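In what follows, chains are A, B, ... by sequence order, proteins preceding strands, each numbered from 1. None of these values were measured; they are calculated from a predicted model.
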Protein chains: 2
Amino acid sequence: MKILEVLRENGRISVSALAERVGISRANAYTRFEALRADGVIKRFTAEIDHVRTGLGITALIFVTVRQQMWRQFRAELARMPEVEYCAITTGQHDAMIQVRVADVAEVHTMVTDRLANIPAVKATETVFILDEVLRRPYVLPSDRDARSNRPARRTPQEAQGDVPLGKMRFVGAAEGRAALRKDD
Amino acid sequence: MKILEVLRENGRISVSALAERVGISRANAYTRFEALRADGVIKRFTAEIDHVRTGLGITALIFVTVRQQMWRQFRAELARMPEVEYCAITTGQHDAMIQVRVADVAEVHTMVTDRLANIPAVKATETVFILDEVLRRPYVLPSDRDARSNRPARRTPQEAQGDVPLGKMRFVGAAEGRAALRKDD
DNA sequence: GTTGAAATTAGTACGAA
DNA sequence: TTCGTACTAATTTCAAC
């Protein structure tokens with residue numbers, strides 16, 4: 001976990017320096033580093049870039065309602081859209097959320113009306129723009145929880161019982177008629 | 001741009017190997033690599049991990065409606081929540097979307113009712129679960145567009161005019177009474 | 001899991017095209 | 001700007017413990 005904490009901040013650190021920061025020997029660091037990669041805990045190493053500097057300063061979220069039994073087609077079309085950075089299947093009013101990075105707002109319009117709407121699998125879309133990305137962590141680790149300053153290490157659901165019964169919260173369930181929507185549907 | 005393409009797939013590649021793949025000299029690769037970092041085009045290098053393997057297999061999106069003129073407080077509270085991986089300010093029905101990674105669904109409930117609801121800046125929330133992350137690219141580049149197989153390199157908004165006037169699409173505007181919501185409000 | 005020493009590679013500093 | 005090369009420092013590998 002310590003290794004992952006270091007690599008989150010600096011993915012290009014040498015294994016030797018990593019060993020030092022974690023407090024283990026170099027050979028041990030090599031073994032563990034390799035194990036993390038081989039086990040698939042670490043999937044890959046990448047850079048984080050400034051999208052404005054590369055000319056893709058507009059970010060939008062498109063919430064998509066997918067026609068039943070057309071998920072395979074939807075996935076296939078997704079792979080052909082280079083402007084899509086992220087796509088997740090969600091519960092709630094919509095079926096999927098995709099995040100796109102483009103050069104200008106007109107391209108979002110083109111993307112939605114021209115490309116997405118042409119996919120038979122897409123029943124409806126809803127688009128919002130991202131005005132600011134307030135926080136972006138490469139990833140979250142279980143150890144982050146304990147590192148927090150003023151809060152108990154871990155609260156069980158029991159402990160939280162009857163804590164703050166706030167009526168303004170709303171959990172959105174899965175849309176009806178959508179049972180199997182994972183890879184193998 | 002070629003350098004960014006290589007680093008997206010392999011953020012730990014040596015500058016020598018990078019030079020070879022991009023087709024420039026070793027010395028030149030060092031210069032350009034350093035320039036990209038110094039200019040802030042490359043913000044940092046990180047790893048990509050398997051959240052299930054680290055024990056945080058539940059991912060949720062929480063859409064938050066923020067009380068006016070309390071953005072500063074909202075941001076401050078966000079920084080104190082280690083389970084938040086991403087937060088963006090959006091147009092549309094809600095004001096912000098935050099993505100959290102936790103161990104189980106009960107923790108999402110705790111997070112929303114106990115932590116978020118206690119923040120005065122938070123007026124209301126709406127939570128959806130992520131069932132599957134279909135696609136996750138480290139980042140999108142303008143050059144990806146041209147690399148696509150069967151599609152013209154670039155379509156102007158004019159070209160797309162009157163293409164597919166689909167009535168099912170819906171653009172969601174900014175919520176009323178929300179003018180300044182960037183860092184300096 | 002550790003340490004040390006060899007082999008390899010990475011990073012730097014130049015002049016020249 | 002880019003390249004080639006020579007030089008120095010660091011990392012990785014591999015061995016024995």
Side-chain angles (χ1 to χ4, degrees), chain A residues 1-57 101 103 137-147 153, chain B residues 1-56 137-147 153-154:
Chain A
M1 210 60 88
K2 275 190 194 172
I3 291 174
L4 295 180
E5 280 174 35
V6 174
L7 289 175
R8 170 168 55 178
E9 295 160 34
N10 182 7
R12 273 183 83 85
I13 193 170
S14 71
V15 182
S16 317
L18 176 68
E20 205 175 358
R21 288 196 51 181
V22 175
I24 56 177
S25 71
R26 288 164 314 183
N28 191 9
Y30 276 103
T31 307
R32 289 176 172 275
F33 181 83
E34 234 351 280
L36 283 170
R37 300 211 66 173
D39 289 2
V41 178
I42 296 174
K43 291 195 280 191
R44 62 177 158 183
F45 290 94
T46 59
E48 221 173 88
I49 64 156
D50 185 334
H51 293 95
V52 177
R53 300 297 308 273
T54 61
L56 301 179
R101 304 259 186 200
R137 296 203 183 104
Y139 47 84
V140 171
L141 289 173
S143 52
D144 294 334
R145 173 179 295 278
D146 316 313
Chain B
M1 210 60 89
K2 274 191 195 171
I3 291 174
L4 295 179
E5 279 174 36
V6 173
L7 290 176
R8 171 168 54 178
E9 295 159 35
N10 183 6
R12 272 184 82 85
I13 193 171
S14 72
V15 181
S16 316
L18 175 67
E20 206 175 358
R21 288 196 52 182
V22 174
I24 56 177
S25 72
R26 213 160 67 92
N28 192 9
Y30 274 105
T31 307
R32 287 177 170 276
F33 182 83
E34 230 356 277
L36 284 170
R37 299 211 66 174
D39 289 2
V41 178
I42 297 173
K43 291 195 279 190
R44 61 176 159 183
F45 290 94
T46 59
E48 222 172 87
I49 64 156
D50 185 334
H51 292 96
V52 177
R53 301 296 309 274
T54 60
L56 300 179
R137 296 202 183 104
Y139 47 84
V140 171
L141 289 173
S143 52
D144 295 334
R145 172 179 293 279
D146 317 311
R154 179 74 149 79

Between [atom2] of [N] and [atom1] of [X], the distance in whole Å:
X	N	atom1	atom2	result
A/Glu20	D/dT12	CD	C1'	16 Å
B/Asn28	C/dG11	CG	C1'	15 Å
B/Arg26	C/dT8	CZ	P	16 Å
B/Tyr30	C/dC14	OH	P	17 Å

A/Tyr139 and B/His51 aromatic ring geometry - parallel, tilted or perpendicular at 30°/60° bounds: perpendicular

Within-4.5 Å side-chain heavy-atom neighbours: B/Asp144 and B/Arg8: yes

Heavy-atom side-chain proximity of A/Ile42 to A/Leu4 below 4.5 angstrom: yes

Within residues 31-45 of chain B: residues closer than 4.0 Å to DNA chain C (heavy atoms): none

Side chain of [X] - closest among [options]:
X	options	result
B/Ser14	C/dT2, D/dG4, C/dA10	C/dA10
B/Ala27	C/dT2, D/dT5, D/dT11	D/dT5
B/Val15	C/dG11, C/dT3, D/dC3	C/dG11

Separation between CG of A/Leu18 and NZ of A/Lys2, rounded to the nearest 0.5 Å: 11.5 Å

Atom pair CD (A/Glu48) and CZ (B/Arg44), whose distance is rounded to the nearest 0.5 Å: 4.0 Å

Main-chain N/O of A/Ile13 paired to B/Arg12 side chain as donor or acceptor, under 3.5 Å: yes

Most 5' of A/Ala29 and A/Arg12 on DNA chain C, judged by nearest nucleotide: A/Ala29

Sugar-phosphate only, base, or nothing, as touched by A/Ser16 at under 4.0 Å among non-hydrogen atoms: base

